[in-house]
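Written out below as structure tokens is the structure these notes cover.
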Amino acid sequence: MIRVQAEDFDVGRELENLSKGNLSVGGVSSFVGLVRDMAGDQTIKAMTLEHYPEMTKKALAKIEAEALNRWPLEATLIIHRYGRLEPGDRIVLVAASSAHREAAIEACHFLIDWLKTQAPFWKLEETPDGGQWVDARNADDKAAGRWVNKDPGRAE
Amino acid sequence: MIRVQAEDFDVGRELENLSKGNLSVGGVSSFVGLVRDMAGDQTIKAMTLEHYPEMTKKALAKIEAEALNRWPLEATLIIHRYGRLEPGDRIVLVAASSAHREAAIEACHFLIDWLKTQAPFWKLEETPDGGQWVDARNADDKAAGRWVNKDPGRAE
Amino acid sequence: MRILYFAWLREKAGVSEETITPPDTVATVADLIEWQRQRGDGYGEAFADTAVVKVAVNQEHVGLDHPISNADEVAFFPPVTGG
Amino acid sequence: MRILYFAWLREKAGVSEETITPPDTVATVADLIEWQRQRGDGYGEAFADTAVVKVAVNQEHVGLDHPISNADEVAFFPPVTGG
């Protein structure tokens, strides 16, 4: 399931839904991303997440489909917020449930890595020096690339 | 933090506590293990988790200390239940929070892999053929071994 | 052709969305960028370094050599930073 | 010496906990297992295959050659299956 929304979400309830009524789920793996109050050595008062709505859902659906294709999963979930967020606020939740622990954990890791490089979101940080667009990190490309290398037959 | 208890736990509240009041947390990674209704081709009516209380806390504290030593984490959490549990019930929650996504995800993965091979818990499944002790899986040893290989100077 | 701009490309171009009809010689994304750049001002600035410009055609990531037509929705943006 | 048994080792030995005083010749975990095995009945069954028996001395995983003394707490159990 995919949700792109301005509102916060309830992590406990969302994770519960990934296994509710499905007694073949043995594990639920999740990652929650939060706004930090620092970026490098600069304090962050808030950040605004801009996105490309028509593309966001398409991109996230593709990432989710890829995870479901690669691992034996019972369910997946991606929730991503947009708009103005403050330090401590939740930005994103990705989760995967499976009969098998390794599948749930790896798929969850894959979801967040690919989301970081494929989903059209951009962050504008409010710093003491004014608004500052967050630069894409090389580390994120590298993290996403790992999943390509793991399955060389399916280069993206 | 480590808790070994018969009672269920509230995943949302526990995960919230891993970042509450700490604005340097950028990510919280977690894994929840649940009782399945099948083991191989046998139906499971329930399982009873036996453990070795004096050792459990020691073993979990060691696993947690090892994670804190290997990754730059803000907090870690291990909750493991014992006693009789039914399909759909939560067994275990491990989680790690960090400024950095990769650290949180890897540490969480490490926590569950090591817990599976180091913490003194045993599962007795209630099957149509009677009580059956769950066999340790070679896959679990292999999964835990991965973390030894990653850091060959610290063979356990 | 519907064109969208996001993040600092939007700020530099000074527009978030526009509908244009480029000449027939504009056949690929690279052609479109070159043509836009010549419109001057903010466009020149937005497309000053194409190494940091990402493109989607009809909401799919594409390369600079991707063909385009007047029915397409073309989006320009910096590398994504969500999650 | 306090001895604990868990899971199917407890079921086979027929005891979950006991305090024993083995002779001085019992210096290591392997010695203790051998001595226990000779007590017969359930013990023989519990320790029939030491390849599947894990040991902790004072709540720490140890190998069969680990030394033991009367002040120790020694636990026998199958490979762990938590999580």
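Lettering follows sequence order; numbering is per chain, from 1.
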- [ ] Indicate yes or no for a side-chain donor-acceptor contact from A/R101 to the backbone of A/G26 under 3.5 Å, with no hydrogens or angles considered.
- [x] no
- [ ] Go through the side-chain N and O atoms of C/E18 and C/Y5 and say whether any donor and acceptor fall under 3.5 Å apart.
- [x] yes
- [ ] Verify, without hydrogens or angle tests, whether A/D89 (side chain) and A/E86 (backbone) share a donor-acceptor contact under 3.5 angstrom.
- [x] yes
Open item on the list: Run the ring pair (Phe, Tyr, Trp, His ring centres under 6.0 Å) test against A/F31 and tell me which residues pass, sequence neighbours left out.
Closed with: none
Task: A/K57 NZ: over 12 foreign heavy atoms closer than 6.0 Å - done: no
TODO: For atom NZ of C/K54, decide whether the heavy atoms of other residues, nucleotides or ligands shown that lie under 6.0 angstrom number more than 12.
DONE: no
Task: Distance-only side-chain donor-acceptor flag, A/E74 / A/N22, under 3.5 Å - done: yes
Open item on the list: Are more than 12 heavy atoms, taken from residues, nucleotides or ligands other than A/M1, located less than 6.0 Å from that residue's CE atom?
Closed with: no
Show which side-chain atoms of residues 61-69 of chain C pair as donor or acceptor with protein atoms under 3.5 Å away, not counting sequence neighbours.
unit_1	atom_1	unit_2	atom_2	d
C/H61	NE2	A/Q118	O	2.8
C/S69	OG	C/A71	N	3.4

- [ ] Anything in residues 39-51 of chain A with a heavy-atom distance to chain C below 4.5 Å? Please list those residues in order.
- [x] A/E50, A/H51
Task: chain A contacts, top residue of C/P79, C/G82, C/A75 (heavy-atom pairs, under 4.5 Å) - done: C/G82
- [ ] Give the member of C/E73, C/R10, C/Q59 that has the highest number of heavy-atom pairs under 4.5 Å with chain A.
- [x] C/Q59
Task: Contact listing (chain C partner; residues 122-141 of chain A; heavy atom under 4.5 Å) - done: A/W122, A/K123, A/W133, A/V134, A/D135, A/A136
Open item on the list: If only side-chain N and O atoms count, and only distance matters, is there a donor-acceptor pair under 3.5 Å linking A/E106 with A/W71?
Closed with: yes
